[in-house]
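Read the structure below first, then the notes.
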Amino acid sequence: MRAVRIHQYGGTETLTLENIEKPVINDDDILIQVKSAAINPVDWKIREGYLQTFIPYQLPVTLGWDVAGIVTEVGSKVSEFSVGDEVFSRPAIHRDGSYADFIAVKADEAVLKSSKLDFSEAAALPLAGITAWQCLVDVANVEADQRVLVHAGAGGVGHLAIQIAKAKGATVIATASAANQVLLKEFGADQAVDYTKAPLNEQIEPVDIVIDTLGGDVQKLSWGLLKQGGIMVSIVEQPDEALAKSHQARGAFVFIEPSSRILKELNGLVEADQLKPLIEHHFTLETIVEAHLQSQSGRTRGKIVLDIS
Ligand SMILES: NC(=O)c1ccc[n+]([C@@H]2O[C@H](COP(=O)([O-])OP(=O)(O)OC[C@H]3O[C@@H](n4cnc5c(N)ncnc54)[C@H](OP(=O)(O)O)[C@@H]3O)[C@@H](O)[C@H]2O)c1
């Protein structure tokens with residue numbers, strides 16, 4: 001089968017399209033014929049070697065941890081799937097990924113995809129969608145009528161976070177550059193904020209929840225946007241406890257874990273027409289370098305998908 005692997009950490013020149021053996025599945029795995037995979041910033045962060053100590057891979061490794069496709073084999077202990085099922089998954093990140101014709105995934109990390117999603121959309125949803133759900137629902141316990149600030153609302157995690165927070169009844173404020181203000185409104189944001197126009201504290205009234213997708217100065221500045229008792233959930237940088245205390249707020253860091261429970265919740269929102277991923281860029285295994293460069297640009301609207309078969 002075809003797979004894009006890296007044999008060493010480094011720039012896009014390390015992305016190698018090659019022919020390798022199909023994965024051999026374990027008893028609790030399914031084998032998925034990959035129809036679509038999605039690109040996430042973590043893919044190129046792993047490629048560059050930034051996460052080496054956190055996830056020590058035995059190279060070579062196949063990149064990509066978002067997949068939608070068709071089940072072609074089931075392990076002997078798997079009862080919930082059959083050959084031919086259309087599934088999607090954000091599989092465990094320590095195994096070979098989805099930039100390939102086939103991927104082996106633990107059955108309890110996959111879910112039947114909603115018929116309202118095509119394969120590209122189903123591949124675009126798991127990693128960013130699970131992350132957004134974990135931040136908003138599992139950690140921040142978002143409630144109707146709370147005010148939620150979503151940083152980078154035009155990006156992969158942000159555009160799904162806006163929709164999930166709206167589905168939970170929250171008032172959503174989202175940030176993006178001038179070019180993406182209309183898009184934020186289309187995703188459902190009640191207030192679209194142009195971060196290039198004026199300081200955020202001049203544009204945003206206090207919120208209950210901040211979803212921090214940017215870290216650094218944006219995170220520091222956002223403490224001043226939280227109400228007393230509010231929470232900052234970051235997916236890029238552990239919030240500073242002392243700063244949290246001084247603002248009488250809480251901070252939390254989320255690193256995504258596979259979750260079929262949350263995939264089912266996302267399917268439910270899709271079925272209710274409350275959630276739809278935007279895919280602005282399609283690439284293939286052959287154009288993987290362009291796909292990574294697009295993700296690294298930091299300017300992607302919605303998601304980047306690889307069409308595989
Ligand atoms: N911890 C975890 O489990 C986890 C999970 C998923 C992602 N992440 C991390 O979270 C980050 C975001 O991921 P992603 O997939 O959403 O990234 P992404 O799709 O590449 O984000 C791109 C978006 O960021 C926006 N942006 C850039 N600078 C901005 C700023 N100063 N203010 C507001 N918006 C800005 C851009 O909009 P404009 O062009 O309009 O500025 C663009 O739409 C990445 O660092 C990723 O690695 C962590």
Side-chain angles (χ1 to χ4, degrees), residues 37-48 50-51 54-55 63-66 90-94 123-136 138-139 149-164 172-187 189 191-201 203-204 210-222 225 232-239 251-259 262 266 277-281 291-305:
I39 308 280
N40 291 283
V42 73
D43 303 0
W44 53 261
K45 290 180 184 177
I46 286 172
R47 189 203 75 222
E48 300 267 1
Y50 299 145
L51 277 73
F54 185 52
I55 317 165
L63 299 178
W65 291 277
D66 257 333
R90 186 286 194 176
I93 203 160
H94 60 271
L125 207 46
L127 193 152
I130 291 172
T131 303
W133 183 281
Q134 282 178 341
C135 292
L136 283 163
D138 293 354
V139 175
L149 169 60
V150 176
H151 283 299
V157 175
H159 85 297
L160 300 176
I162 293 172
Q163 296 175 63
I164 293 168
V172 180
I173 301 99
T175 65
S177 62
N180 289 326
Q181 295 298 294
V182 173
L183 196 62
L184 295 180
K185 290 279 189 176
E186 285 171 8
F187 295 139
Q191 186 190 352
V193 173
D194 177 357
Y195 65 86
T196 65
K197 201 175 78 180
L200 296 183
N201 57 0
Q203 303 190 68
I204 300 172
V210 172
I211 303 299
D212 170 34
T213 56
L214 295 160
D217 288 345
V218 173
Q219 186 187 98
K220 282 199 193 88
L221 221 155
S222 297
L225 303 173
M232 159 120 52
V233 189
S234 181
I235 57 171
V236 283
E237 192 182 328
Q238 183 74 48
F253 178 75
V254 162
F255 192 84
I256 182 185
E257 292 290 337
S259 174
I262 299 176
L266 299 176
L278 170 75
I279 299 164
E280 203 174 59
H281 300 277
H292 270 220
L293 292 175
Q294 174 58 45
S295 178
Q296 285 183 258
S297 76
R299 297 274 80 85
T300 301
R301 292 145 53 111
K303 297 291 302 177
I304 305 165
V305 160

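Counting convention: from 1, in listed order, for ligands and their atoms alike.
Looking only at side-chain heavy atoms (C-beta outward), L266 and W133 come within less than 4.5 Å of each other. Between W65 and I46 the shortest side-chain heavy-atom distance falls below 4.5 Å. Counting only heavy atoms from C-beta outward, the side chains of L200 and L149 never approach each other to under 4.5 Å. L225 is listed as a side-chain neighbour of N201, based on a closest heavy-atom distance under 4.5 Å. Contact check for I262 versus D138: side-chain heavy atoms found under the 4.5 Å cut-off.
Under a 4.0 Å criterion applied to the non-hydrogen atoms of A176, ligand 1 contributes the atoms 40 (O). Of all atoms in ligand 1, listed by their number and element, those nearer than 4.0 Å to a heavy atom of N180 are 37 (O), 38 (P), 39 (O), 40 (O). Interface atoms of ligand 1 facing V236, defined by a heavy-atom separation under 4.0 Å, are 9 (C), 10 (O), 11 (C), 45 (O). Residue L214 has at least one heavy-atom neighbour below 4.0 Å for each of these atoms of ligand 1: 28 (N), 29 (C), 30 (C), 31 (N), 32 (N), 33 (C).
Although no hydrogens or angles enter the test, the distance criterion places no donor-acceptor pair under 3.5 Å between the side chain of Q191 and the main chain of I204. Between the side chain of H281 and the backbone N or O of Q294, no donor-acceptor pair lies under 3.5 Å.
Rounding to the nearest 0.5 Å gives a distance of 10.5 Å between CD of Q219 and OG1 of T213. The OG1 atom of T131 lies 7.5 Å from the CG atom of N40; values are rounded to the nearest 0.5 Å. Between the SG atom of C135 and the CG atom of L160 there is a distance of 11.5 Å, given to the nearest 0.5 Å. The CD1 atom of I235 sits 10.5 Å away from atom CD of Q134, with the distance rounded to the nearest 0.5 Å.
Taking only non-hydrogen atoms, the option from S177, G155, G298 nearest to atom 36 (C) of ligand 1 is G298. Nearest residue to atom 4 (C) of ligand 1 from D194, I235, L200 is I235 (criterion: closest heavy atom). Comparing heavy-atom distances from atom 30 (C) of ligand 1 across Y50, Y195, W44, F255 singles out Y195 as nearest. If you check each of T175, I211, I256 against atom 3 (O) of ligand 1, the one with the closest non-hydrogen atom is I256. When T213, V218, L127 are checked for heavy-atom proximity to atom 11 (C) of ligand 1, T213 turns out nearest.
Using modelled atom types, one finds no donor on one side chain facing an acceptor on the other under 3.5 Å when comparing E280 with T300.
With respect to atom 44 (C) of ligand 1, the closest heavy atom belonging to the protein is K45 NZ, 3.6 Å. With hydrogens left out, the protein atom closest to atom 25 (C) of ligand 1 is A152 CB, 3.7 Å, a heavy atom. Scanning the protein for heavy atoms near atom 5 (C) of ligand 1, the closest one is T131 OG1, 3.3 Å. Among protein heavy atoms, atom 15 (O) of ligand 1 sits closest to P41 CD, 3.3 Å. Of all protein heavy atoms, the one lying nearest to atom 42 (C) of ligand 1 is T300 O, 3.1 Å. The single protein non-hydrogen atom nearest to atom 18 (P) of ligand 1 is G156 N, 4.0 Å, given as residue, atom name and distance. Distance from atom 28 (N) of ligand 1 to its nearest protein heavy atom, with residue and atom name: R299 NH2, 3.4 Å.
Under 4.0 angstrom from ligand 1, the non-hydrogen atoms of V254 all belong to its backbone. Residue contacts with ligand 1 for V157 involve both N, CA, C or O and side-chain atoms from C-beta outward (heavy atoms, distance under 4.0 Å). With a heavy-atom cut-off of 4.0 Å, K303 does not touch ligand 1 at all.
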